[in-house]
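Take a look at the structure set out below.
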Amino acid sequence: MNMEKIYDSKSVEKKWSKYWVDNKTFSAKIDINRKPFTIVIPPANVTGSLHMGHALNATLQDIIIKFKKLQGYNTLWVPGTDHGGIATQNVVEKFLKKEGKTKYDLGREKFLKKMWQWKNKTGNAILEQLKIIGCSLDWNRVAFTMDESRSKAVKKAFIQLFNKGFIYRSKRLVNWCPRCLTALSDIEIEYETEKSSLWYIKYPLRDSKDYVVVATTRPETILGDTAVAVNPDDDRYVSLVGRILKLPLVNREIKIVSDYIVDKFFGTGAVKITPAHDAIDNEIAMRNNLEIIEIIDTNGKMINVSAKYCGLSVEETRKEIVKDLEESGFLVKVRDYNHSVSRCYRCCTKIEPLMSEQWFLKVEEMSKKTIDVTNNAKTVFYPCSWKKPYILWLQNLRDWCISRQIWWGHRVPVYYCLDEEGNKTGCKPIASFDKPDECPYCKGKNFIQDDDVLDTWFSSALWPLSVFGWGEKENNEELRYFYPTSVLCTGHEIIYLWVARMVQFGLEFMNDIPYKDIFIHGIVRDKHGKKMSKSLGNVVNPCDIIEKYSADTLRFVLAQIATPGRDMQVSEEAFLSARNLTNKVWNASRFVLMHLENIDKIDDNINSVDLADDWIISEFYDTFAKVKIAYDSYDIAVVTRVIYDFFWTKYCDWYIEFSKIRIMSKNMNEKKQVLSVLVYILKSILQLMYPIMPFITSEIWQVLNKDTKIIAESTLPDKKELKCKTSVEKMKSIQDIIVRIRTLRSEMNIPPGIQIGILFNILNDDKEKIVKENQHYIRKLAKINSIQFGKNLVRPKDSALTVSSDFEIFLPLVGVIDVEKAKARLLKEITLAKQEKERTSLKLQDEEFIKRAPKIEIEKIKIRFNEANLKIAKINENLDFFR
RNA sequence: GGGCAGUUAGCUCAGGUGGAAGAGCAUUUCCCUUACAAGGAAGAGGUCGCAGGUUCAAAUCCUGCACUGCCCACCA
């Protein structure tokens, strides 16, 4: 058999990732006899290359998919990428800038051509990287949010919503990025605390010498003020409501209005109202029928203001205004103030709220349905703590601004009828797949398409439908079979941007949820808990890890830390430890294979006759059960830990060691017997590990099963009926004895090379048989060359000893024994035993405890008390020898 | 302002339906024993953030508080 001494992850991983792709191992077809298990990948932006977040996200989905496949499901994991709207356009614009050009120099058509070139060149890098980490995606189904099929889905969805009246055009206050030159939705902005000032400004009354002082963080917007608002319950101002103010510097006459939204206790309790450039002011303006004056244009420059300020930037204007206010005596005071400013989530430029005509999507009805399916547990969050904020968000959701003033994206499929001079006729616009032939209203034949493109999240929201060809194929069997998908796996940063909207669209277009389970994982952080970012220089690149260690190592570490919903830290040490595991797996397998070499055939049907076999099989099924439960709640961290623990501490540290003894046996049946269990458990471990570490397990599996199926197409074992669970208890006794002797040897400084004899007093007759039957294990693992069993053996002179409630072991060491050491350890043991006796006897004297505690607990304490007592007596007896 | 997490060994984190504190890494001692020194054996190391409460019994449940992080908000 061909297992090199050192595992060569590089060549093995290369081989298998190619094999899976070439053989289409993970291609899925409709199979009505099998249950589907489907995941659609969160499509990565074409701008990106794989970072730790992607690696984690992909690894977790892959683990789930692979496990379900082993369980016999017809699994499908759909790959794909997202065109990434603004983010991607920004990247290409940056390249243009280096050439000294702007997109306007090229024009829309040429610019889009450039975008496509760029996408075609770099867009698939991330998919290739997913192949490297071993993802079992169906590569026949790679989808892109702007490919033909997905574009049809977007058009169909838009037209349907448009004709239903859910999509409408309106001029309102929107979040505007003056750098990207586009509107953004409410969740595409991020807040950042900024050190700024609060300016207190006098607004004089028109008809008296009095004035009102307002506090503001944006003095420059004074130019667009159309009112001052106060709280109707504010005694200071109640008499002023309705009075007229003269706006400083501008001299426009504005009213004092009242509105409950105004906080009496903030600033002066009077707030200046700039309806065109502030969301709250805009609301107040709506309620009070105020004039809206736009003073900032889409470039962030002043308009509709006096020549002095016209054309200045917002920052410049602020300086000028403050200076002018101060000079003319309107500025009362300035104080330092921290407040949060909104920034574009794509370029970090400060958002400028302004009035703009945009396309909006009504969300009320869809949100209501989405809340319902969440409350009815048709969709379930893992962890469930996301349910509450999710519902809260849906309840307060405002209509979604879906249009963007960029070029890269799905162009709004709305057409306007044109007259002969090329002007819009004013006929109702038409939503349509292609340019309409004829206007149904005026019979005109000239049309122009809307200039805007859709928010990139609009096409993302259709992803679970569009990947199956919704909108393209009629009578879609694939969609019927694979939809709804089984689970959505993503980070919490896009729950609102993406997850909620997919559910809304799924319910809208399919009348069914897109997935039942929503598995939210944490964010990968560095070892200090900081978010990874290029600017901090703390980015751990998954490709570097793969290069340095292996893909299996990377996967294992990510799996190990993936507690649902919690952020996690990665560090170099974690990779070392995972690398050690792969090494251990390799070597344990080599051990098994080595001994299989001269064996013609082993029985596939294991039948255990030995305690060690019973024990390891029992432990395996216990582990297997725990693994299945952990998968049910997507707790991959637990899955990983449980498997690791079983493999290392049970299989390697104990079972393989036990096996060695029987393998050495001359008896071929005995040899075959133990090998059959060794192989059976090893294969099962490989299967459990395969979803986490697919490469090394595939390689070993193939060596073990030359002529049979690859591990990816294997099936997990059914539960074996175990003879009894008592093997675990019995084994504990044997292990306890071995550990005790080892401890004694270690503390007495007896080198492992020296074989010793022991005297073994059995104190508990129930244990006699089991200990005697398994003494070969004790001999071998504790390096004992002779055991003398007895009931009342007397401790030989110069011997160390260890005592439990079941037995007493003497370790005679003539000439070698360090009497003081032996005595010291007895004193230590007796101290512990006395503490135990003290603790338990106090409990047993406690009347309330005896009265109220469950019987089983009282029994446990009694046993512990008796054991402690016995131990103390035995140690005392032996301590006498040292006196 | 509201909400949600977290606070356990030097570090990273498990555990937690209440009934004798766990792992990995680091550390100490011994061992290159024919799967593995990327290993094995044995040890040391914690009043489970603070203060109350419930209970026979609290790391675990409840209430406050502190600190850390995240999310949401109508922070003028």
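In what follows, chains are A, B, ... by sequence order, proteins preceding strands, each numbered from 1.
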Distance check, [atom1] atoms only: [N] and [M], in whole angstrom units.
N      : M      : atom1 : answer
C65(B) : A57(B) : P     : 26 Å
C25(B) : G64(B) : P     : 41 Å
G52(B) : U68(B) : C1'   : 23 Å
A41(B) : G46(B) : P     : 24 Å
A21(B) : A44(B) : C1'   : 16 Å
U7(B)  : C13(B) : C1'   : 12 Å
U60(B) : A20(B) : C1'   : 15 Å
C74(B) : G10(B) : P     : 44 Å

Protein-nucleotide distance ([X], atom [atom1]; [N], atom [atom2]), rounded to Å:
X         : N      : atom1 : atom2 : answer
Ile750(A) : U29(B) : CD1   : P     : 19 Å
Ile756(A) : U33(B) : CD1   : C1'   : 16 Å
Asn396(A) : C74(B) : CG    : P     : 9 Å
Ile520(A) : A5(B)  : CD1   : P     : 15 Å

- Message: Between Gly267(A) and Arg839(A), which residue's closest nucleotide on RNA chain B lies nearer the 5′ terminus?
- Response: Arg839(A)
- Where RNA chain B forms stems, i.e. three or more consecutive Watson-Crick or G-U pairs with both distances under 3.5 Å: B:1-7 with B:66-72, B:10-13 with B:22-25, B:27-31 with B:39-43, B:49-53 with B:61-65
Listed pairs, N/O of protein and of nucleotides 54-57 of chain B, under 3.5 Å:
unit_1, atom_1, unit_2, atom_2, d
C56(B), OP1, Arg852(A), NE, 2.6
C56(B), OP1, Arg852(A), NH1, 3.1
C56(B), O2', Asp846(A), OD2, 3.2

- Task: Determine yes or no for a side-chain-to-main-chain donor-acceptor pair under 3.5 angstrom, with Thr840(A) supplying the side chain and Lys837(A) the backbone.
- Result: yes
- Message: I'd like to know if the side chain of Tyr651(A) reaches the main chain of Leu678(A), judged simply by a donor and an acceptor atom lying under 3.5 Å from each other, with no hydrogens or angles considered.
- Response: yes
- Message: Could you check whether Arg501(A) makes a cation-pi contact with Trp400(A), meaning its NZ or CZ is under 6.0 Å from the centre of the six-membered ring and within 45° of the ring axis?
- Response: yes
- Ring-face cation of Lys843(A) near Phe849(A) (centre distance under 6.0 Å, axis angle within 45°): yes
- Item | Any residue of residues 213-223 of chain A with a heavy atom less than 4.0 Å from an atom of RNA chain B | Ala215(A), Thr216(A), Thr217(A)
Mind checking [X] for me? I need base, sugar-phosphate or nothing, with any heavy atom below 4.0 Å counting as a touch.
X         : result
Glu657(A) : base
Glu283(A) : nothing
Ile656(A) : base
Arg864(A) : base

Between the protein and nucleotides 14-18 of chain B, list the N/O to N/O atom pairs that are separated by less than 3.5 angstrom.
unit_1, atom_1, unit_2, atom_2, d
A14(B), OP1, Arg566(A), NH1, 2.6
A14(B), OP2, Arg566(A), NH1, 2.7
A14(B), O2', Arg641(A), NE, 3.0
A14(B), O2', Arg641(A), NH2, 2.6

Just the atom pairs and distances: protein N or O near nucleotides 2-4 of chain B's N or O, under 3.5 Å.
unit_1, atom_1, unit_2, atom_2, d
G3(B), O3', Lys388(A), NZ, 3.3
C4(B), OP1, Lys388(A), NZ, 3.4

- Item | Footprint string (nucleotides 37-44 of chain B, 5' to 3'): B base within contact, S backbone only, - free, heavy atoms under 4.0 Å | -BSSSSS-
